[in-house]
Amino acid sequence: MSIDQQAASPATAPLFTPLQLGSLTLPNRIVMAPMTRGFSPNGVPGSDVAAYYRRRAAHGVGLIVTEGTPIDHTASAASPNWPSFYGQAALEGWAHVVSEVHEAGGRIIPQLWHVGTTRKPGSLPNPASSPVGPSGLTAAGEQVNEPLGEAEIADIIAAFARAASDAKRIGFDGIELHGAHGYLIDQFFWDKTNKRTDRYGGSLVARTRFAAEVIAACRRAVGSDFPIVFRFSQWKAGNYDVKLAVSPDELAQFLAPLVDAGVDIFHCSTRRFWEPEFAGSSLNLAGWTKKLTGLPTITVGSVSLNKEFTSSAEDKNEQDASNIAELVHRFKQNEFDLVAVGRALLADPAWTEKLHTGQYEAIAPYTAEAASRLY
């Protein structure tokens, strides 16, 4: 029996309405958030990875965003077990993932990723390659390389565009660009890691140039109807209180070049979806982004869990339905269009189905064991 044929809980019914995004039709508003897993030896996703994503699709997830997939640049990854998004073997593996998800009735997009200077020197799969970033700086201020030259910036932009083109060619339903959490694209946004004085540095708006050029190149590669999701965050890894934009006006200035470049959907990464982004309003980051751009947004952050994601996986992050009512209330207020769920879906592939039918007590908790397996 498909999820659409099961008796729906009135409490969550609003989240199970369809959504049209350009050429993409989603059956509901639940998104599987991207979560790095490290189960792809030599960068190739195998049949176990395909089965992992298929399980979530079969249980009714509206849209799956894959774990981060490094693009074709020597310093894009920091583990040989992260699934690459280049090379024949890896792309054939991803094509199989897409086929399995589609066969189960799901929709799926890859998250295209470059880790920048978060990569440690000597990291596999390319130990001879040094970390790269806009100014060669880590978030801690350590100088690990020279600033990226414009020729290499152009090469990285081209690698993102090739990945976008390959995603469309092998059957994905769109792409997500990872511009959050202190990775390469975000390092251009953040003044702590971008000290450039050329056209890729300077004001907050000027620091969006690299991202805008990546988005525009991907848009040219895939055409006008292929959805491009852009994930961004105010917070950075290890610095949860920082804000790129300290006011709605600054956020509007930051977002405008990204909209103009071709973003269709913003994935607004926060730690707790219920927290207001700015004083004087209850709107969260997704709410403000939708209000300022008019584009659809995805909210995320501790959905149905009673511990934040920084809690140790050794502690049970018990499922807690108490924040679902708040989530639905905000959705009904048109604050956001889609809801991304991470750890809860990692722990229980049937989370979406159980939410749909109101079986909260049957949802499995997120534990250390759940965090360490590919299931």
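Residue numbers start at 1 and run along the sequence shown.
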Inset, instruction - State whether the side chain of Thr117 and the backbone N or O of Leu137 hold a donor-acceptor pair below 3.5 Å, judged by distance alone. - result: yes
Inset, instruction - Return the orientation label for the Phe232 and Phe266 ring planes: parallel under 30°, perpendicular over 60°, tilted otherwise. - result: perpendicular
Legend entry - Note, Ile265 side chain near Asp337 side chain (heavy atom, < 4.5 Å): no
Legend entry - Backbone of Leu148 reached by a side-chain donor or acceptor of Arg196 within 3.5 Å: yes
Inset, instruction - Go through the steps to decide whether Glu103 and Arg54 satisfy the test salt bridge (charged side-chain N to carboxylate O under 4.0 Å, His left out), and finish with yes or no. - result: CA-CA 8 Å; Glu103 189 174 287; Arg54 178 176 179 137; 2.9 Å; yes
Inset, instruction - Could you tell me how the ring of Tyr183 sits relative to the ring of Trp113: parallel (under 30°), tilted (30 to 60°) or perpendicular (over 60°)? - result: perpendicular
Inset, instruction - Evaluate the ring planes of Tyr53 and Trp94, with Trp represented by its six-membered ring, and classify them as parallel (under 30°), tilted (30 to 60°) or perpendicular (over 60°). - result: tilted
Inset, instruction - Mark yes or no for whether Asn28, through its side chain, and Gly62, through its backbone, hold a donor-acceptor pair below 3.5 Å. - result: yes
Legend entry - Main-chain N/O of Phe254 paired with Arg207 side-chain donor or acceptor, under 3.5 Å: no
Legend entry - Flag, side chain of Ser304 to backbone of Ile324, donor-acceptor distance under 3.5 Å: no
Legend entry - CD (Glu361) with more than 12 external heavy atoms under 6.0 Å: yes
Inset, instruction - Measure the acute angle between the ring planes of Phe172 and Phe85, then classify it against the limits of 30° and 60° as parallel, tilted or perpendicular. - result: tilted
Inset, instruction - Could you check if a side-chain atom of Leu15 sits within less than 4.5 angstrom of a side-chain atom of His356, using non-hydrogen atoms only? - result: no
Inset, instruction - Test Leu338 against every option in Leu26, Thr299, Thr297, Ile30 by the side-chain contact (heavy atoms from CB on, under 4.5 Å) rule and name the one that passes. - result: Leu26
Legend entry - Side-chain (Gln143) to main-chain (Ser135) donor-acceptor, under 3.5 angstrom: yes
Inset, instruction - Kindly assign one of parallel, tilted or perpendicular to the pair Tyr200 and Phe188, based on the angle between their ring planes and the thresholds 30° and 60°. - result: perpendicular
Legend entry - Geometric cation-pi criterion Arg271 and Tyr240, 6.0 Å radius, 45° cone: yes
Legend entry - Crowding at CG, Asn42 (>12 non-hydrogen neighbours, <6.0 Å): no
Legend entry - Main-chain N/O of Phe226 paired to Arg219 side chain as donor or acceptor, under 3.5 Å: yes
Inset, instruction - Inspect the contact between Glu213 and Arg199 and indicate whether a charged nitrogen and a carboxylate oxygen are less than 4.0 angstrom apart. - result: yes
Inset, instruction - Name the orientation class of the two ring planes belonging to Phe278 and Trp288 (parallel below 30°, tilted from 30 to 60°, perpendicular beyond 60°). - result: perpendicular
